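All values derive from a computational prediction rather than experimental measurement.
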Amino acid sequence: MTDVVSEHIDLLTSVGLDTRAHYRQQLDSHITPTIGPYPVSGMTYRHMAGWVRAMSSKGLAPKTIANVHGLLSAAMSTAVRLGYRTDNPCAGVELPKSQSTHDEMTVLTRGEFSLLLSCVAEFYRPLVVTLVATGLRWGEATALTAGDVDLGARPATLRVTKAWKRDGNRHWFVGPPKTKRARRTVSLPEDLVDVLLPLVAAKAPDELLFTNTVGSQLSSSRFWTTTWTPALDAACRPLKADGSPDPDAPRLTKRPRVHDLRHTHASWMIAAGTDLFVLQRRLGHESITTTTDTYSHLLPDQQTAAAEAANRALGGLTLAFGSEPRGA
């Protein structure tokens, strides 16, 4: 099994070095130690179901199990193409579902975001405002150069053509964005233009727009530790000047991730009536399915509108339940 999955990873033609390295890590951690020694031709549905059950028993998260199963299933499909076996034993295997009772997505109101922003170090506020105003991914926003921003256009725009990636040795480099659809032009609200204007004016076209305080690549982990977490702490537990708790001060009751700024942007766009197809292009989703699966729960008004449309379509019709159909 190990050799077949490894061959599948080698044959992939549309993934980056970081993704390929991640697949090999999954192979080494979750496939080779358990079913790696077995011949691919002898694997059955029973083996696959047992393997999934074993991962679940070890306490692996449902999302992790789904990701590893996806890799193995894709490798089995490749094995079929190469003539190693005639079917995919992973097909139909039920995967464990998350038992979490809370929504992993945290969306902020404008007031909540304003409170959080006030606690962010001033140097990083332009980045945080850009993330919530555009919905860019962290790796896209922090790879922007001044030349990617056109503040003279009407409306002003920024062009997403690259993102931070990791190579096989986990070293950072700037490469193409996540997918073909991720290459996109994003229009900017006027308030963001005012924020970015002095930043863009002070940099050469090829300089990074957002950096750390010494002008280098902005690390997501370091930003989380030194900037984002302290801002959350300050917003959730406001203090008086003497350092004691301030029970009367406004406080944040949520602890969003940086990525939740992307979800917050999508939520605000939907609330403003943005069509999901437009939102798909703005967020750089490869498929509209991703957009609808992620944000359809934020569309209660559309469900009401659909019901009202169905009601109008049925207007004037009399539905007599329990009566014999005519001509019966």
Side-chain angles (χ1 to χ4, degrees), residues 13-16 18-19 70 103-110 113 126-165 174-197 199-200 205 208-210 218 220 256-306 309:
T13 58
S14 60
V15 301
D18 54 338
T19 301
D103 190 346
E104 292 183 359
M105 181 190 302
T106 300
V107 172
L108 300 174
T109 66
R110 286 164 180 77
F113 174 74
L127 168 62
V128 173
V129 172
T130 298
L131 290 171
V132 85
T134 63
L136 263 64
R137 302 174 178 93
W138 173 271
E140 296 169 342
T142 54
L144 288 172
T145 56
D148 293 324
V149 184
D150 185 355
L151 299 181
R154 289 293 176 268
T157 61
L158 60 80
R159 180 69 179 156
V160 180
T161 61
K162 52 191 177 294
W164 285 105
K165 305 277 189 177
V174 174
K178 189 174 183 180
T179 64
K180 182 179 178 181
R181 288 282 190 195
R183 297 179 65 93
R184 64 200 188 277
T185 299
V186 179
S187 57
L188 307 179
E190 290 185 6
D191 287 348
L192 180 59
V193 173
D194 294 338
V195 171
L196 294 182
L197 193 58
L199 203 61
V200 172
L208 288 174
L209 187 62
F210 302 113
L218 190 52
S220 59
R257 304 160 300 175
V258 177
H259 189 71
D260 284 316
L261 296 178
R262 177 171 166 87
H263 295 319
T264 295
H265 172 77
S267 171
W268 291 358
M269 295 291 286
I270 290 171
T274 303
D275 182 85
L276 283 184
F277 283 97
V278 174
L279 185 61
Q280 173 203 353
R281 298 301 178 88
R282 188 171 179 86
L283 295 178
H285 286 158
E286 189 69 11
S287 167
I288 187 63
T289 302
T290 302
T291 314
T292 55
D293 285 352
T294 306
Y295 300 114
S296 59
H297 68 288
L298 299 176
L299 298 168
D301 292 343
Q302 289 197 9
Q303 295 295 337
T304 301

Compare every heavy atom of [Y] with every heavy atom of [X], then report the nearest pair and how far apart it is.
X	Y	result
Thr179	Gly284	OG1-O, 3.8 Å
Ala143	Ala163	CB-CA, 3.7 Å
Ala146	Val200	O-CG1, 4.1 Å
Ala266	Leu283	CB-CD1, 4.1 Å

### Distance-only polar pair, side chains of Arg183 and Thr161, donor-acceptor under 3.5 Å
no
### Task
Consider only side-chain N and O atoms of Arg282 and His265, and report whether a donor and an acceptor are under 3.5 Å apart.
yes
### Message
Set out, in order, the CA-CA distance, both residues' side-chain angles and the distance that settles side chain to side chain contact (heavy atoms under 4.5 Å, CB included) for Thr294 and His263, then state yes or no.
### Response
CA-CA 9 Å; Thr294 306; His263 295 319; 4.2 Å; yes
When rounded to the nearest 0.5 angstrom, what distance separates [atom1] in [X] from [atom2] in [Y]?
X	Y	atom1	atom2	value
Arg262	Thr134	CZ	OG1	9.0 Å
Arg137	His259	CZ	NE2	7.5 Å
Ile288	Phe277	CD1	CZ	4.5 Å
Leu151	Leu188	CG	CG	7.0 Å
Arg181	Glu286	CZ	CD	6.5 Å
Thr145	Asp148	OG1	CG	3.5 Å

### Message
Between Phe113 and Leu261, is the side chain to side chain contact (heavy atoms under 4.5 Å, CB included) condition met? List the steps.
### Response
CA-CA 9 Å; Phe113 174 74; Leu261 296 178; 3.9 Å; yes
### Query
Can you list the steps and then say if Leu127 with Leu209 is a side chain to side chain contact (heavy atoms under 4.5 Å, CB included)?
CA-CA 9 Å; Leu127 168 62; Leu209 187 62; over 6 Å; no
Any [X] side-chain heavy atom under 4.5 Å of [Y] side chain:
X	Y	value
Thr274	Trp268	no
Val195	Thr130	no
Asp275	Leu279	no
Thr292	Leu276	yes
Ser267	Tyr295	no
Leu158	Leu136	yes

Expected output: side-chain [X] to main-chain [Y] donor-acceptor under 3.5 Å:
X	Y	result
Lys165	Pro176	yes
Trp164	Glu140	no
Thr264	Leu108	yes

### Task
Any chance you could lay out the side chain to side chain contact (heavy atoms under 4.5 Å, CB included) test for Arg257 and Trp138, step after step, and finish with the verdict?
CA-CA 11 Å; Arg257 304 160 300 175; Trp138 173 271; over 6 Å; no
